[in-house]
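Side chains are part of it too, since the values below use all heavy atoms of this structure and drop only hydrogens, waters and symmetry mates. We name chains A, B, ... by the order of the sequence lines, and we start the count at 1 in each one. It should be emphasised that the depicted structure is a prediction, and the values quoted were computed from it without experimental measurement.
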Amino acid sequence: MMRTHLTSALETALIGSTVELCGWVAKRRDHGGVVFIDLRDAGGVVQVVVDPSKVVGVDPHLIRSEFVLRVVGVVKDRPEGTIKSDTANGAIEVAVDSVEILAACDALPIPVDEEVAADESLRLKYRYLDLRGRRLQGNLRLRARVNHLLRQAFDEREFIEVETPLLIASTPEGARDFVVPSRLTPGSFYALPQSPQLFKQLLMVGGLDRYFQIARCLRDEDPRADRQFEFTQLDMEMSFVDSDDVMDLVGEIVASVIRDVTQESADNPGRMTWADAMATYGTEKPDLRFDLPISNVTSVFSATEFRAFQADSVGALRIPESGELTRARLDSLIERAQSLGAPGLVWIRVREGSLIDSPVAKFLSEEEKSALLTKTNAQPGDLILLAAGSLAMTSEVLGVIRKEFCVVTKDLGLHTIWVTDFPLFEGLDDKGNPISSHHPFTAPHPDDLDLFMHAEGEDLLSVRSQAYDLVVNGWELGSGSVRIHSREIQERVFSLLGISPELAHARFGFLLEAFRYGAPPHAGFAFGIDRLVALLAGEDNIREVIAFPKTQSGADPLTNAPSLLEGSQLKSLGLSLAAKKKESRS
RNA sequence: GGUCCUGUGGUGCAGUUUGGAGUGCACGCCGCCCUGUCAAGGCGGAGGCCGCGGGUUCAAAUCCCGUCAGGACCGCCA
């Protein structure tokens with residue numbers, strides 16, 4: 001070993017001991033006759049003191065930022081008046097006898113461990129430098145801890161960790177696949193898994209009973225703050241359980257991880273139906289750090305003279321103590337609402353004594369005004385925003401407006417909620433076939449089974465499923481469902497989706513066949529570890545919890561991926577490239 | 001595919017609205033001085049195709065068009 005201690009292991013009990021440390025020069029304060037170096041290693045930082053007239057090894061004036069040093073010295077308590085009580089090793093320092101430069105460092109292209117973040121492409125190009133900073137070090141250590149806690153929790157509950165293949169058959173449903181050309185079967189392609197979905201169901205048929213995996217998943221869709229091409233899920237599946245069993249177990253584990261990491265209390269997630277989430281928050285992933293519910297005030301205006309409110313639905317959002325918003329701000333809210341498809345947005349300032357101030361006040365009767373104030377529980381000084389139209393539109397618009405008033409601060413903590421009873425289908429395609437809202441293996445809700453088996457067209461859209469999402473602070477952390485294990489129901493789903501028996505057989509024949517040989521009832525869940533760690537770390541982009549992420553255009557400035565292939569590589573894969581558009585134009 | 005924001009010495013910014021010599025700030029870098037600093041300090045210095053390409057103009061970091069890169073979002077994400 002080149003060292004005897006990490007800097008984090010140094011303490012006053014070691015005063016007088018000789019220690020050997022290795023690390024990077026985080027900061028250098030050269031006073032000529034004495035040189036102070038803040039030496040950083042994986043544990044932290046300690047001040048080492050070098051006397052140029054006594055030190056063995058190198059001239060300490062030549063030492064620069066981020067040089068890699070090995071020092072041998074004696075742990076000492078600091079002289080009176082030089083103790084830094086706000087720093088971990090602030091009471092001690094290491095008086096160095098010898099210094100060895102293990103590696104020099106060029107002038108840095110980006111600062112290491114600074115508060116101000118450099119340009120994202122530079123951060124990624126020099127990721128190894130960015131990784132030295134406290135932010136990414138802390139995030140990756142947190143991530144490792146979360147992985148450990150999850151493995152431990154599932155292991156304790158008798159789940160078997162199983163790896164599933166990365167090179168699989170493409171299934172055209174869902175997200176775009178990343179594909180890999182086959183060399184041994186030229187012209188054929190593997191796909192990289194969007195999730196281990198089919199394999200985990202086969203593991204249940206295979207009698208594994210309880211499976212989990214920390215699984216890499218890949219989807220070729222445009223990256224976002226909460227999405228990368230490749231991401232990591234805690235994937236799990238259980239046999240002989242219902243949706244409550246899965247939600248209870250996963251909720252308990254997620255809450256325990258939050259407690260462990262934050263050292264604060266965290267209840268198991270509550271429950272809310274999809275219909276309630278949509279009606280109350282205008283979104284299927286409500287951010288419950290803020291209450292601000294949407295009220296349905298359609299009944300208040302059932303006989304109104306005001307034409308704009310003679311609609312299927314009128315929704316109201318009461319924003320406490322915001323009655324003094326400027327007209328400019330109100331106008332921008334109206335514009336926002338219109339950009340989302342609302343004909344308009346009506347604002348009402350609530351005054352003392354049930355008076356209101358609004359451009360539409362004169363169109364509303366006294367009864368309507370007072371009913372509105374009662375229904376929304378409005379107080380003087382509040383602002384009420386109203387949108388009228390279809391229920392779906394008013395909910396969505398007010399849901400988006402609601403978020404504009406949610407001022408996020410870190411101390412609000414993590415608010416978890418299960419959203420249940422999603423619709424089985426989320427709409428009809430241009431052929432009139434319903435579209436799966438989760439995936440085609442999601443079981444219909446038992447109470448809607450009859451409807452599911454017999455309904456057609458629009459009526460199918462009211463069939464609920466046994467799908468559930470775990471939502472944290474407005475992020476969809478994960479989703480799961482009770483799976484179909486009956487061939488009859490599975491075949492009906494395929495048929496409704498417009499997938500012919502032949503096509504179903506071609507794509508999912510192996511699963512359907514497996515279901516002929518004794519498939520246990522099973523259900524599962526998967527949640528994004530990148531998102532969970534980002535939430536725990538207080539990061540708003542998952543790049544900050546991934547060691548080597550990609551940019552929004554899917555590039556890696558460090559390795560220059562994606563890159564061109566040699567002609568010989570293409571040839572051995574049986575591939576040839578179509579001419580680029582620009583080249584064909586010129 | 002689309003909308004919006006950003007691009008100025010190594011880094012982070014100001015300057016762009018209202019065109020007039022690459023002007024400025026902080027950090028870093030280089031040299032010298034300095035024995036108790038910890039964002040060390042003092043003195044001196046180097047470093048710029050103002051992302052790139054066109055256009056307008058007597059004159060462009062600044063205005064216009066295009067393009068590239070990064071970011072936020074829409075579409076997309078069973």
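For residues 495-515 of chain A, every residue pair satisfying the ring pair (Phe, Tyr, Trp, His ring centres under 6.0 Å) rule, not counting sequence neighbours, is listed here: A/Phe441-A/Phe508, A/Phe494-A/Phe508.
The distance from atom CG of A/Asp51 to atom C1' of B/U37 is 14 Å, rounded to the nearest whole Å.
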Check nucleotides 4-11 of chain B for protein N or O atoms closer than 3.5 Å to its own N or O atoms and list the pairs.
residue: B/G10; atom: O2'; partner: A/Pro109; partner atom: O; Å: 3.1

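Remark: the separation of the C1' atoms in B/G54 and B/G9 is 26 Å, to the nearest Å.
At the heavy-atom level, A/Glu93 lies under 4.0 Å from base atoms of the strands shown.
If you check distances only, the side chain of A/Asp222 does reach the base of B/G75 with a donor-acceptor pair under 3.5 Å. Donor-acceptor pairing under 3.5 Å, judged by distance alone, is absent between the side chain of A/Arg29 and the base of B/C34.
Between A/Phe178 and A/Phe229, the ring planes lie perpendicular to each other; the angle is over 60°, past the 30° to 60° tilted range.
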* Start with the C-alpha gap between A/Arg336 and A/Glu404, add the side-chain angles, then the distance that decides, and say whether salt bridge (Lys or Arg N to Asp or Glu O under 4.0 Å) holds. => CA-CA 10 Å; A/Arg336 186 93 175 92; A/Glu404 304 242 329; 3.1 Å; yes
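Under a 3.5 Å cut-off, the side chain of A/Gln228 and the backbone N or O of A/Lys550 do form a donor-acceptor pair.
Relative to the ring axis of A/Phe452, A/Arg492 places its NZ or CZ within 45° and under 6.0 Å from the centre.
Under the Watson-Crick or G-U wobble criterion, with both distances below 3.5 Å, B/U11 is paired with B/A26.
Taking only side-chain nitrogens and oxygens, A/Arg64 never comes nearer than 4.0 Å to OP1 or OP2 of B/G28.
Here A/His31 does not lie in a stacked arrangement on the base of B/G41, lacking the combination of planes under 30° and ring centres under 5.5 Å apart.
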